[in-house]
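Single-structure report; data block below.
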Amino acid sequence: MKNNLIQKISRPTLRDQVYDTLKQGIVTLELLPEQKLNDTELAEQFGVSRTPVREALKRLEDEGLIESFPGAVTRVAPLYEQSAVNAFTVAAVLHSLAARLSIPYLDTSHYDMLKQFNQELITALQQQNASAAIQADDQFHDVFVQQAHNPEIIAALSRVMPKIRRLEYAKFSSIDHTHSPEDHRLIIEACEAKDSLLTAERIEQNWMSLGNWLASSADHAQSATDQGER
């Protein structure tokens with residue numbers, strides 16, 4: 001298996017670098033769902049021993065991004081839509097909590113950042129640039145996550161967000177993201193008013209609106225599959 005995103009690594013913390021590279025490839029679909037992975041081949045491509053590769057694969061398996069089966073078969077996990085839908089519910093609550101905790105720490109500089117990231121989101125959506133849109137959305141919400149000053153929220157989100165973003169990359173062309181910039185504008189408005197409860201409520205609604213769309217999409221797909229099997 002040859003992939004251009006995998007480069008030789010010469011710096012320390014090899015396991016973390018292998019993990020970060022593979023995770024990025026899985027989330028952005030450069031490594032395709034159900035694509036088989038061979039630790040020996042990966043080690044050769046990274047220019048490292050098999051140990052950091054195996055450790056990285058085990059960590060990704062614990063997070064549900066990699067699957068392994070008897071017979072030494074390891075593959076990228078399929079796109080389990082229901083799993084991503086479930087992750088949206090958790091992410092919505094965590095981001096809402098982060099927003100509520102962050103309000104006392106936000107100032108004009110943070111409001112300016114939020115407005116900038118929202119404008120970048122608008123531009124990316126107009127250009128149908130999935131990577132730029134998802135990055136801008138991540139940066140927007142990360143303002144609240146960082147200013148919440150709660151590392152447990154960051155740790156919890158690190159486990160659920162990859163499933164969400166992976167599905168967004170897969171469905172970007174069919175998801176109506178146009179509501180998000182307006183959602184963000186209302187969130188900024190609540191921030192500037194220092195209304196922590198309203199900000200938290202609007203952020204949760206922002207996340208759940210996309211999660212609800214995915215839930216209905218998954219139900220429709222399952223219904224179509226069931227009808228086709230009859």
Side-chain angles (χ1 to χ4, degrees), residues 23 27-28 63 81-169 171-172 174-218:
K23 183 175 183 178
V27 169
T28 60
E63 295 177 4
E81 293 193 7
Q82 189 56 52
S83 177
V85 169
N86 293 339
F88 263 102
T89 303
V90 177
V93 173
L94 289 171
H95 278 289
S96 176
L97 174 61
R100 183 167 59 81
L101 295 175
S102 70
I103 291 300
Y105 303 101
L106 298 180
D107 57 29
T108 302
S109 67
H110 297 111
Y111 306 147
D112 290 342
M113 291 171 61
L114 291 170
K115 292 172 184 177
Q116 175 188 335
F117 294 140
N118 198 37
Q119 183 56 52
E120 291 175 4
L121 174 60
I122 292 171
T123 300
L125 291 172
Q126 291 172 342
Q127 297 174 348
Q128 286 291 295
N129 186 330
S131 294
I134 291 171
Q135 180 180 9
D137 191 63
D138 276 340
Q139 290 174 316
F140 180 91
H141 289 286
D142 196 50
V143 172
F144 300 102
V145 172
Q146 295 301 324
Q147 293 306 310
H149 301 291
N150 189 322
E152 292 300 324
I153 294 177
I154 296 174
L157 283 171
S158 71
R159 293 188 62 84
V160 298
M161 288 306 299
K163 295 178 181 178
I164 291 171
R165 290 315 190 198
R166 190 171 177 234
L167 190 57
E168 278 196 284
Y169 272 101
K171 289 183 168 289
F172 182 83
S174 61
I175 292 178
D176 179 10
H177 283 72
T178 56
H179 65 280
S180 291
E182 177 60 18
D183 285 355
H184 289 181
R185 186 189 68 78
L186 294 173
I187 289 166
I188 295 169
E189 185 180 87
C191 284
E192 291 179 319
K194 288 292 185 181
D195 191 329
S196 60
L197 293 180
L198 182 59
T199 302
E201 178 184 338
R202 287 179 174 176
I203 281 186
E204 183 170 354
Q205 290 174 347
N206 175 237
W207 281 100
M208 290 306 298
S209 62
L210 185 54
N212 290 337
W213 186 93
L214 287 170
S216 63
S217 175

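Closest of all the heavy-atom pairs between Glu63 and Lys163 is O-CE, 3.5 Å. The two residues Met208 and Thr89 make their nearest non-hydrogen contact at SD-CA, 4.0 Å. Taking every heavy atom of both residues into account, Phe144 and Cys191 meet most closely at CE2-SG, 3.3 Å. Residues Ile164 and Ala84 share a closest heavy-atom pair of CG1-O, 4.1 Å. Across Leu121 and Ala133, no two heavy atoms sit closer than the pair CD1-O, 3.4 Å. The nearest pair of heavy atoms linking Ala155 to Ser158 is O-OG, 2.6 Å.
Looking at heavy atoms from C-beta onward, Glu81 lies in side-chain contact with Leu167 at the 4.5 angstrom threshold. A heavy-atom distance below 4.5 Å is not found between the side chains of Thr123 and Glu120. Taking 4.5 Å as the limit, every side-chain heavy atom of Asp183 sits out of range of all side-chain heavy atoms of Arg202. You'll find the side chain of Leu186 stays beyond 4.5 Å of the side chain of Asn206, heavy atoms only. Within the 4.5 Å cutoff, side-chain heavy atoms of Asp138 are placed close to those of Arg165. Taking 4.5 Å as the limit, every side-chain heavy atom of Asp107 sits out of range of all side-chain heavy atoms of Gln147. Taking the side chain as every heavy atom from C-beta outward, His110 and Gln146 never approach each other to under 4.5 Å.
In summary, the side chains of Gln116 and Asp112 do not present any donor paired with an acceptor at a separation below 3.5 Å, with no hydrogens or angles considered.
Between atom CD1 of residue Ile188 and atom CZ of residue Phe117 there is a gap of 10.5 Å, rounded to the nearest 0.5 Å. Considering CG of Asn118 and CD of Glu182, their distance stands at 9.0 Å, rounded to 0.5 Å. Of the inter-residue distances, the one linking Tyr111 atom OH with Glu189 atom CD reads 12.5 Å to the nearest 0.5 angstrom. To the nearest 0.5 Å, atoms CG (Leu94) and CG (Leu157) are separated by 4.5 Å. Of the inter-residue distances, the one linking Glu168 atom CD with Asp137 atom CG reads 6.5 Å to the nearest 0.5 angstrom. To the nearest 0.5 Å, atom OG of residue Ser102 and atom CG of residue Leu97 are 9.5 Å apart.
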### Task
Given side chain to side chain contact (heavy atoms under 4.5 Å, CB included), test His184 with His141 step by step and report yes or no.
CA-CA 9 Å; His184 289 181; His141 289 286; 3.5 Å; yes

### Stepwise salt bridge (charged side-chain N to carboxylate O under 4.0 Å, His left out) check, Glu192 with Lys115
CA-CA 11 Å; Glu192 291 179 319; Lys115 292 172 184 177; 2.9 Å; yes

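Listed for the Ser96 side chain is no donor-acceptor partner under 3.5 Å among the backbone atoms of Ile203. Panel note: side chain Thr199, backbone Asp195; a donor-acceptor pair is recorded below 3.5 Å.
Aromatic ring pairs are classed by plane angle as parallel below 30°, tilted from 30° to 60° and perpendicular above 60°; the pair His95 and Trp207 is parallel.
Residues satisfying the side-chain hydrogen bond (donor to acceptor under 3.5 Å, both in side chains) criterion with Thr28, sequence neighbours excluded, are Glu30.
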